[in-house]
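Take a look at the structure below.
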Amino acid sequence: MSVVIQIKAATAQAINTLYDVSILPNDVLVNDTKPEFEGDYTVVLFSFIKQLKQSPEKLGNDIGNYLLQNQPALISGFNIIKGFLNLSVTNIFWKDFLHTQYNQPSYVTQQPNSHKVMIEYASPNTNKPLHLGHLRNIFLGWSMSEIFKATGNEVVKTCIANDRGIHICKSMVCWQLFANGATPESTGTKGDHFVGDYYVLFGKELKKQVEELTANGMSKEQAEKEAPIMKAAQKMLRDWEAGVPEVMDLWKMMNSWVYAGFDVTYKRIGCDFDKVYYESETYILGKQLVEAGLQKGVFYKKDDGSVWIDLTGDGLDEKIVQRNDGTAVYITQDIGLAVNKYDEFKCDDSIYVVGDEQNYHFKVLKLICQKLELPSAEGIFHLSYGMVELPTGRMKTREGTVVDADDIVDEMVNVARKKTEELGKVQDFEPDELLDLYDTIGIGALKFFLLRVDPKKRMIFNPEDSIDFHGFTAPFIQFTHARIKSILRRQQPKGSLISTDLLPLEKELIKLIEQYPNLLQEAAQDHDPSKVAIYCYNLAKTFSSFYTEHSITNAENEEKMELRLQLATLTAHVIKNGMNLLGINVPERM
RNA sequence: GGACCGGUAGCUCAGCUGGAUAGAGCAUCAGCCUUCUAAGCUGAGGGUCAUUGGUUCGAAUCCAAUCCGGUUCACCA
């Protein structure tokens, strides 16, 4: 049990015993003590002085003395400043914690809690390659999965492939018209980029045709509908839905190219799924639920035959759930998918990692599922994240300002290589060790950059900042880990219990490490990997100060050396674990 | 227009279940490598926490209004 929780419990007990009231541990506010005061943790008394009608001094003294008497293993001293009760935790506690945990891999893994969580992420369209926005999505989804696992949950990672619709047909049409049978193999192009090129070509071709038509007096709107290439795409969509064999074959072939390309990228960035759903297989599922909803009176039919739900009572609008021709819309298939997922995996929670432009959509989805009384409804959670923008503004496909995922990964790895070569510290590495190291650093830096900010906020991706390897970055944390490992290679702790006093930096480090399990709970609860990223950075920074100030292998005496070796071991362990939860590796040397 | 999200140092961001003098990184400036990896450490400068009012012992944090930016309100997905 963490110190903070113990202090809360002990303080609540103290107040309840002393004043005959019933305060809950969670009513006790405990903060880190500010460095300029003596103590480790501070109980804020203000909230109690009114209720208990005591002066802060009296109250603080009573609680402090009670804790000294009744919690001698935990509390060694106290002082009161204004309404703040500063408590010192005993050195025994810290040293015992260090001694028992420094060598325990289990320190960072928590007991299974029989809670099952499904996380859907990535969810790409199969007509173009992944971009920077997908990377934020994927890193978030992956990291949340790991954080949930680390806090004892069972996790199922899923992906929905958006593999059908007019946008897919566009690249298919263009390939038919212009490719002359070219393939990724014949051109030496990665499959997703190959198909993406035809999608881009469609846009260009359409623009050309629209210009021609408008020059002949047609309105722009009209021209976009009448352009031959658009008509071809629409026909292809109809053929696809009718299952015309040639179209299906083409669709399957081009999709397989895209998937092969995605797989390369997924593997490179260390991303995988337990289960992939395909929209082409799930889009029909929702229709049965529409029927059921009609009978329940949740939905209603308009005169033209389209089916709607009225959400004005919930502060939203009327929303269509099925077209008048009986085909499914976006939300229909999501209702079906929600049921499908639940039937297959029976997860308590179902998390969708999807951009915040779809906040409204997921609000509606959850509401509909609730009204249909689906068992999966309450567990639906939209992990909404903000858009990634460039300093010049939003990324736009048409303006060619999209940052391609493969390109940015390559660039980061390249910079990692250059910087590593400049520093010249790993000249004895084997060639493939070096390649691993460049990947670890470059991809680590990218992941950290995208995960270190609150997911909800939209973020600016400045290529220059993101390529910085100093300060609040993965390479700095990785470097700290490598430094520790370098020490531990020459000297290992023996495992003895230390009796020496703790210096401020030593205690700061233990204190921070002791907070780690709580931090993970918080990150899981808030669906926020940035908390882990910030924590890892603070830990590395605290260690670096400690490292500069105090020698480990040349410590003042044997006991100090043992203490610091244990501290270093545990620090490295927690850094590695925390970074792994972000999907980032830490090297032994760099 | 309705709904939702955001506005904190020159830039990028923490802090937001109310607590002590608002913190990091980058950038700028000044120091520190014959001893454990300088991708590091120490220090300096830099703030009307968008604005105004309210709630109270106490507000960057909660409430209201206003201003600014974004997203969304499709028989697209």
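The chains referred to below are lettered A, B, ... by the order of the sequence lines, with proteins before strands, and numbering in each begins at 1. Hydrogens, waters and symmetry mates play no part in the numbers below; they use all other heavy atoms, side chains included.
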So does [X] reach the base of [N] with its side chain, donor to acceptor, closer than 3.5 Å?
{"X": "A:Asn462", "N": "B:C11", "result": "no"}
{"X": "A:Asp32", "N": "B:A20", "result": "no"}
{"X": "A:Thr548", "N": "B:C41", "result": "no"}

Mind checking the [atom1] distance from [N] to [M]? Whole angstroms is fine.
{"N": "B:C16", "M": "B:G23", "atom1": "C1'", "result": "14 Å"}
{"N": "B:A59", "M": "B:A27", "atom1": "C1'", "result": "32 Å"}
{"N": "B:G1", "M": "B:C57", "atom1": "P", "result": "39 Å"}
{"N": "B:U61", "M": "B:G54", "atom1": "C1'", "result": "15 Å"}
{"N": "B:U48", "M": "B:A9", "atom1": "P", "result": "8 Å"}
{"N": "B:C41", "M": "B:C33", "atom1": "C1'", "result": "11 Å"}
{"N": "B:U55", "M": "B:C62", "atom1": "C1'", "result": "8 Å"}
{"N": "B:U17", "M": "B:A30", "atom1": "P", "result": "41 Å"}

In the structure I gave you, are the side-chain heavy atoms of [X] and [Y] within less than 4.5 Å of one another anywhere?
{"X": "A:Pro455", "Y": "A:Asp528", "value": "yes"}
{"X": "A:Gln370", "Y": "A:Leu367", "value": "yes"}
{"X": "A:Tyr121", "Y": "A:Leu140", "value": "no"}
{"X": "A:His481", "Y": "A:Phe479", "value": "no"}
{"X": "A:Phe449", "Y": "A:Thr473", "value": "no"}
{"X": "A:Val413", "Y": "A:Leu435", "value": "no"}

Hey, does the side chain of [X] come within less than 4.0 Å of [N]'s phosphate (OP1/OP2), counting only N and O?
{"X": "A:Tyr535", "N": "B:A14", "answer": "no"}
{"X": "A:Lys34", "N": "B:A20", "answer": "yes"}
{"X": "A:Arg458", "N": "B:G7", "answer": "no"}
{"X": "A:Arg483", "N": "B:A38", "answer": "yes"}
{"X": "A:Lys457", "N": "B:A14", "answer": "yes"}
{"X": "A:Lys363", "N": "B:A3", "answer": "no"}
{"X": "A:Arg589", "N": "B:C36", "answer": "no"}
{"X": "A:His470", "N": "B:G40", "answer": "yes"}
{"X": "A:Ser530", "N": "B:C13", "answer": "no"}

Whole angstroms only, please: what is the [atom1]-[atom2] distance between [X] and [N]?
{"X": "A:Phe84", "N": "B:G18", "atom1": "CZ", "atom2": "C1'", "answer": "11 Å"}
{"X": "A:Phe472", "N": "B:C13", "atom1": "CZ", "atom2": "P", "answer": "11 Å"}
{"X": "A:Glu279", "N": "B:C76", "atom1": "CD", "atom2": "P", "answer": "13 Å"}
{"X": "A:Ile575", "N": "B:A39", "atom1": "CD1", "atom2": "P", "answer": "16 Å"}

### Query
After noting the C-alpha distance and the side-chain angles of A:Phe46 and A:Phe84, does the key distance pass the ring-ring contact (aromatic ring centres under 6.0 Å, His included) rule?
CA-CA 8 Å; A:Phe46 291 105; A:Phe84 300 98; 5.4 Å; yes

### Along RNA chain B (nearest heavy atom to each residue), the more 5'-positioned of A:Asp454 and A:Phe469
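On the 5' side of the pair lies A:Asp454.
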
### Task
Indicate the ring-plane relationship of A:Phe472 and A:Phe448, choosing parallel, tilted or perpendicular according to the 30° and 60° boundaries.
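Rings of A:Phe472 and A:Phe448: perpendicular, as their planes differ by over 60°.
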
### Task
Tell me, yes or no, whether the heavy-atom count around A:Glu558 atom CD, taken from other residues, nucleotides or ligands under 6.0 Å, exceeds 12.
no

### Task
Determine, answering yes or no, if A:Phe37 is stacked on B:A20 under the 5.5 Å centre rule and the 30° plane rule.
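So A:Phe37 counts as stacking on the base.
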
For nucleotides 56-62 of chain B, which of its nitrogen or oxygen atoms have a protein nitrogen or oxygen under 3.5 Å away, and what is each distance?
residue : atom : partner : partner atom : Å
B:C57   : OP1  : A:Lys50 : NZ           : 3.2

### Query
What would the secondary structure line of RNA chain B be in dot-bracket form, counting Watson-Crick and G-U wobble pairs under 3.5 Å, with [ ] for pairs that cross earlier ones and | for pairs with another strand?
((((((((.[[[[.)...(...]]]].(((((.......))))).....[[[[[..)....]]]]])))))))....

### Message
I want to verify a distance call: between B:C13, B:C73, B:U35, whose nearest atom is closest to the A:Asn554 side chain?
### Response
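It is B:U35.
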
### Summary
Among the nucleotides B:C36, B:U35, B:C75, whichever has the atom closest to the side chain of A:Val329 is B:C75

### Query
Base, sugar-phosphate, or nothing: which does A:Ile460 touch, judged by heavy atoms less than 4.0 Å apart?
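A:Ile460: backbone/sugar contact only, no base atoms under 4.0 Å.
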
#### Entry: Check: A:Gly355 main-chain N/O paired with A:Asn137 side-chain donor or acceptor under 3.5 Å
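Pair absent, no side-chain N/O of A:Asn137 close to backbone of A:Gly355.
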
